[in-house]
Amino acid sequence: MLLRYRDAIGVKTGYTKEAGRCLVTAANRNEMTLICTVLGCRMMYERTQQLLDDCFSAYENVLLISADEHVNIDYQGKTIATTTKTDFC
């Protein structure tokens, strides 16, 4: 996948009796990183490329929290005040 798919940044193959041939691929395009897992698929490389292309076309990053924004997190009955270092999409 690293040679076949220009946006691929990492891959791992595997096999088990239950799942068959497996492929996990991470890809990055336009500052969006996706992880695709394919189990028991005879054409796993082609299917992975199709799934990644479909998702990159269908989804976009949305800014949820800007860098340096103050955030309060409620955890186990306490409020923790923090500040983000980078944009969170």
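For the residue pair Cys36 and Thr48, the shortest heavy atom distance occurs at SG-CG2, 4.0 Å. Here the closest heavy-atom approach between residue Ala27 and residue Phe56 is recorded as O-CZ, 3.7 Å.
Screening residues 60-72 for side chain to side chain donor-acceptor pair (under 3.5 Å) gives His70-Thr83 as the qualifying pairs, with residues at least two apart or on separate chains. Within the structure, salt bridge (Lys or Arg N to Asp or Glu O under 4.0 Å) pairs that include any residue of residues 10-25 do not occur (at least two apart or interchain). For the salt bridge (Lys or Arg N to Asp or Glu O under 4.0 Å) condition, no pair includes a residue of residues 73-89, sequence neighbours left out. Applying the salt bridge (Lys or Arg N to Asp or Glu O under 4.0 Å) definition to pairs two or more places apart or across chains, those involving residues 35-58 are Arg4-Glu46, Arg29-Asp53.
Hydrophobic cluster membership for Leu3: none, as no Ile, Leu, Val, Met, Phe, Trp or Tyr side chain comes under 4.5 Å of it. In this structure, Ile35 belongs to a hydrophobic cluster whose other members, linked by side-chain heavy atoms under 4.5 Å apart, are Val24.
Here Met43 contributes atom CE and Gln49 contributes atom CD; the two are 10.0 Å apart, rounded to the nearest 0.5 Å. If you take OH on Tyr5 and CG on Leu52, they are separated by 4.5 Å, rounding to the nearest 0.5 Å.
In terms of the side chain to side chain contact (heavy atoms under 4.5 Å, CB included) criterion, Thr86 has no residue partners (sequence neighbours excluded). For Thr13, there are no side-chain hydrogen bond (donor to acceptor under 3.5 Å, both in side chains) partners two or more places apart in sequence or in a different chain.
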message: Using side chain to side chain contact (heavy atoms under 4.5 Å, CB included), reason through Thr79 and Ile73 one step at a time and then give a plain yes or no.
response: CA-CA 6 Å; Thr79 300; Ile73 301 169; over 6 Å; no

Evaluate side chain to side chain contact (heavy atoms under 4.5 Å, CB included) for Tyr45 paired with Leu23, printing each intermediate quantity in order. CA-CA 8 Å; Tyr45 295 102; Leu23 175 65; 3.7 Å; yes

Go through it in stages, so that I can follow the logic: the residues are Asn28 and Asp7, the test is side chain to side chain contact (heavy atoms under 4.5 Å, CB included), and I'd like the CA-CA distance, side-chain angles, deciding distance and then a yes or no. CA-CA 5 Å; Asn28 186 286; Asp7 299 314; 5.8 Å; no

task = Output, in order, the C-alpha distance, side-chain angles, deciding distance and verdict of side chain to side chain contact (heavy atoms under 4.5 Å, CB included) for Met32 and Leu34.
result = CA-CA 7 Å; Met32 182 187 328; Leu34 299 175; 3.8 Å; yes

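Grouping the Ile, Leu, Val, Met, Phe, Trp and Tyr side chains by contacts below 4.5 angstrom, directly or via other members, places Ile9 apart from Tyr59. By the rule that hydrophobic residues join a cluster once side-chain heavy atoms approach within less than 4.5 Å of another member, Val71 and Phe88 end up as members of one cluster.
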